[in-house]
2 protein chains.
Amino acid sequence: MNIKEIAKTANVSVATVSRVLNGSSKVSEETRRKVNDVLNKVNFKTDPSARRLAIKKIEIKVFVIVSKRINRQLNSDSVVREFYSKVIEGIEQTAELNKIHVEVVELEDILNESKLKTVNGLLLIGGDTTIEHVKFIKKYGIPIVLVDQYIPTLKVDCVISDGYDGASYATKYLISKGLKKIIHIHGFLNHFGFKNRYDGFISTMENYKLLPKDYEYNDEIMEDMKPLIDKILKTYGLPEAIFASNDPIAMKVIETLNNFRIRVPQDVSVIGFDGIEIGEKFNPSLTTLKVPMYEMGSLAVKRLIDIITNHDVYPVRISLFTEFIKRGSSI
Amino acid sequence: MNIKEIAKTANVSVATVSRVLNGSSKVSEETRRKVNDVLNKVNFKTDPSARRLAIKKIEIKVFVIVSKRINRQLNSDSVVREFYSKVIEGIEQTAELNKIHVEVVELEDILNESKLKTVNGLLLIGGDTTIEHVKFIKKYGIPIVLVDQYIPTLKVDCVISDGYDGASYATKYLISKGLKKIIHIHGFLNHFGFKNRYDGFISTMENYKLLPKDYEYNDEIMEDMKPLIDKILKTYGLPEAIFASNDPIAMKVIETLNNFRIRVPQDVSVIGFDGIEIGEKFNPSLTTLKVPMYEMGSLAVKRLIDIITNHDVYPVRISLFTEFIKRGSSI
DNA sequence: TTTCTTTATGTAAACGCTTCCATATTATCA
DNA sequence: TGATAATATGGAAGCGTTTACATAAAGAAA
């Protein structure tokens, strides 16, 4: 069953059927009804490959939106840089394969421009995307896929990593090694990513009837982590293991512990999260949960293509599993 | 960059390029090398859509595996029937659209057969799939996608509905209507679906500083719910709203409440979960969260195709958002 | 040498859809 | 009323592949 047969039974041309299918305005009410009747009767579904092939003439622009903050970091030497670079690499290569034009722009720019109207789809990367941004863009009816960001109250497509599962795995690993005094050092919990990892840690500890203990850090503490470690040692004592909510924290923790003459992993095991490359070079090399960043970007593009070409309507949340990488910083 | 350009620069016909690309034997060594040189130089990648369109039928066999229990229910008149029928409809139509052959078999059958080796991919539907099943099949290196089932400890692709979000939405809705005494009646929490909905309910109530109260039901109670309602009324008092973890429970609750001369929704609001069709005919018509069942099946097939054709390696979890449908059983 | 195979390559027709362009119809205006 | 503009529809050319069929070249058999 194809468009041609539909056309024949509806007594119109294939062009007209296509127009009805795509909601183009140049069809009379009567014809539209006639075609729709046939369409419904046979429960017609457009062949995605054919549509995709035909439509390819059009320049599909995908704006990879990055907030000013992240963009600055992308240009500076930072871990964020590595993370998002990998994601963007995945985006660009997958886009190229599908002959889609990608442009990386700053979020602030696109929000001010009425350029929005020329865009076929948007990828919004990272934690700076807010509900307002999404709502604003949605008004234009432009498909969006969030990357490494999830906004629970909004039903919007997103690709994220499974922090809950990862944290849970790490915690179980430590427990399986006989460790019991495990603490979690994490970022602000209103960030969904940190929250997920936190939840995974807490619930796993509770499942094993162990007392979960967690400490929140802020940007100042990143400068100097001594006060935090000090506090932990005083109020909690020396933990057997520390699970940090990302790699930079983990490395900072190790550094600071060393200053306290506490050895990693002999005295305390440390596990990070993200799997950035520096972690491997670090001494001791960092045990971590690797987020498949390239895949994240790649999947986001594929999803966007699906949405655009199939008029896919149900938003989905795609979570990628992380990969546990055992290295030197933990037993 | 397409096959035609490759052909031109390699000084051969497009047919020949295609033959080289597909490893057909009817190409001389010399020509093959010539073409491959060009291919490598420009890092050519075949357009998937075009290929898909041109190939009339890819012989990918997908076994939709259904456990005996569910299969029995599919043949009998049950709500499970409706739910899984819709899912299977999505699977079959999407498969057909992609010219893939689908066969619905019973889980028990396939596990005993060495037929497994002839299969390109498997879809496992529903809550009866166990870790052992998956592990067994994985041994054969066959791609699997779980549908409406999630096994946290195993990194296996799955398509599920977002119970947490749905439950959370329902709870917020009730709270927004000024209701405070809200309880949750749910199934066994070791089923990930019920657990998710439970978590969504609990955490939302806590967010609003309300006391969450929940009751677990079992199959006997489904026969006669009087004891449970009795217990609730005695220990908790009359709730203002009841959120049930699926539609059948919700309807049973309403029925039983009516026997107690308690009116729905005047005295107590009731919300279900699933969005099965009977709920609409029910009196009062059921407020519920609709799981996009068709989409669930459809997405599962698409994911399986991706895994098979792209050799996609990172397993992902795809969650579909539910849709809140306000009807007569709630204010 | 002639005829018959075999092998390598090219030509062109699909695959199902979108969309530019042309045409036919109807409405609008002077 | 005739000229013009607006609107609805159809025809047909792509989109990038695959592949049946045709053809050319070369080798084998007579």
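Each chain gets a letter, A, B and so on, in the order its sequence line appears, and its residues count up from 1.
No hydrogens or angles considered: a donor-acceptor pair under 3.5 Å links the side chains of Ser298(A) and Thr94(A).
DNA chain D lies under 4.0 Å from at least one heavy atom of each of the following residues of residues 5-12 of chain A: Asn11(A), Val12(A).
The neighbour count for Tyr169(B) OH, taken as heavy atoms of other residues, nucleotides or ligands under 6.0 Å away, does not exceed 12.
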Could you walk me through whether Glu295(A) and Lys302(A) pass salt bridge (Lys or Arg N to Asp or Glu O under 4.0 Å), step by step?
CA-CA 10 Å; Glu295(A) 290 296 319; Lys302(A) 285 191 201 158; 5.7 Å; no
Before giving the answer on side-chain contact (heavy atoms from CB on, under 4.5 Å), spell out for Leu320(B) and Val159(B) the whole-Å C-alpha distance, their side-chain angles and the decisive distance to 0.1 Å.
CA-CA 8 Å; Leu320(B) 283 97; Val159(B) 180; 3.5 Å; yes
For the pair Lys34(B) and Glu29(B), evaluate salt bridge (Lys or Arg N to Asp or Glu O under 4.0 Å) and give the outcome as yes or no after the intermediate values.
CA-CA 9 Å; Lys34(B) 205 167 57 178; Glu29(B) 237 353 281; over 6 Å; no
With side-chain contact (heavy atoms from CB on, under 4.5 Å) as the test, would you mind laying out the steps for Tyr314(B) and Met296(A) before giving the verdict?
CA-CA 10 Å; Tyr314(B) 279 95; Met296(A) 217 154 109; over 6 Å; no
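The distance from atom CZ of Arg51(A) to atom C1' of dG16(D) is 17 Å, rounded to the nearest whole Å. If you measure from atom CZ of Arg32(A) to atom C1' of dT7(D), you get 13 Å, rounded to the nearest angstrom. If you take CG of Leu21(A) and P of dC17(C), they are 8 Å apart, rounded to a whole angstrom. The CG atom of Asn2(A) sits 5 Å away from the P atom of dC17(C) (whole-angstrom rounding). When the C1' atom of dT18(C) is taken as reference, atom NZ of Lys4(A) falls 15 Å away, rounded to whole Å. Between the P atom of dG16(D) and the CD1 atom of Ile55(A) lies a distance of 14 Å, rounded to the nearest Å. What separates CD of Glu29(B) from P of dT9(C) is a distance of 10 Å, to the nearest Å. Going from atom CD of Glu30(A) over to atom P of dT25(C) covers 15 Å, rounded to whole Å.
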Side chains of residues 36-44 of chain A: which donor-acceptor partners sit under 3.5 Å, not counting sequence neighbours?
{"unit_1": "Asn36(A)", "atom_1": "ND2", "unit_2": "Arg32(A)", "atom_2": "O", "d": "3.4"}
{"unit_1": "Asn40(A)", "atom_1": "ND2", "unit_2": "Asn36(A)", "atom_2": "O", "d": "3.1"}
{"unit_1": "Asn43(A)", "atom_1": "ND2", "unit_2": "Gln93(B)", "atom_2": "OE1", "d": "3.1"}

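Counting any heavy atom pair closer than 4.0 Å across all strands shown, Ser49(A) reaches no nucleic acid atom. Residue Ser18(A) is classed as a base contact, given a heavy-atom separation below 4.0 Å to a base.
The side chain of Leu53(B) approaches dC15(C) more closely than any other nucleotide in the set dT18(D), dT9(C), dC15(C). Nearest to the side-chain atoms of Val14(B) among the listed nucleotides dT18(C), dT18(D), dA8(C) stands dT18(D). Of the candidates dT9(C), dT17(D), dC17(C), dT9(C) carries the atom nearest the Val27(B) side chain, counting heavy atoms from C-beta on. The side chain of Ala15(A) lies closest to dG11(D) when the candidates are dG11(D), dC17(C), dT17(D).
Between Thr16(B) and the phosphate of dG10(C), there is a side-chain N or O to OP1/OP2 separation shorter than 4.0 Å. The side chain of Asn22(A) contributes an N or O atom lying less than 4.0 Å from OP1 or OP2 of dT18(C). Residue Thr31(A) has a polar side-chain atom (N or O) positioned under 4.0 Å from OP1 or OP2 of dT9(D). Phosphate contact (OP1/OP2 of dT19(C), side-chain N/O of Arg19(A), threshold under 4.0 Å): absent.
Side chain of Glu323(B) to main chain of Lys290(B): no donor-acceptor pair is present (N/O by atom type, distance under 3.5 Å, no hydrogens or angles).
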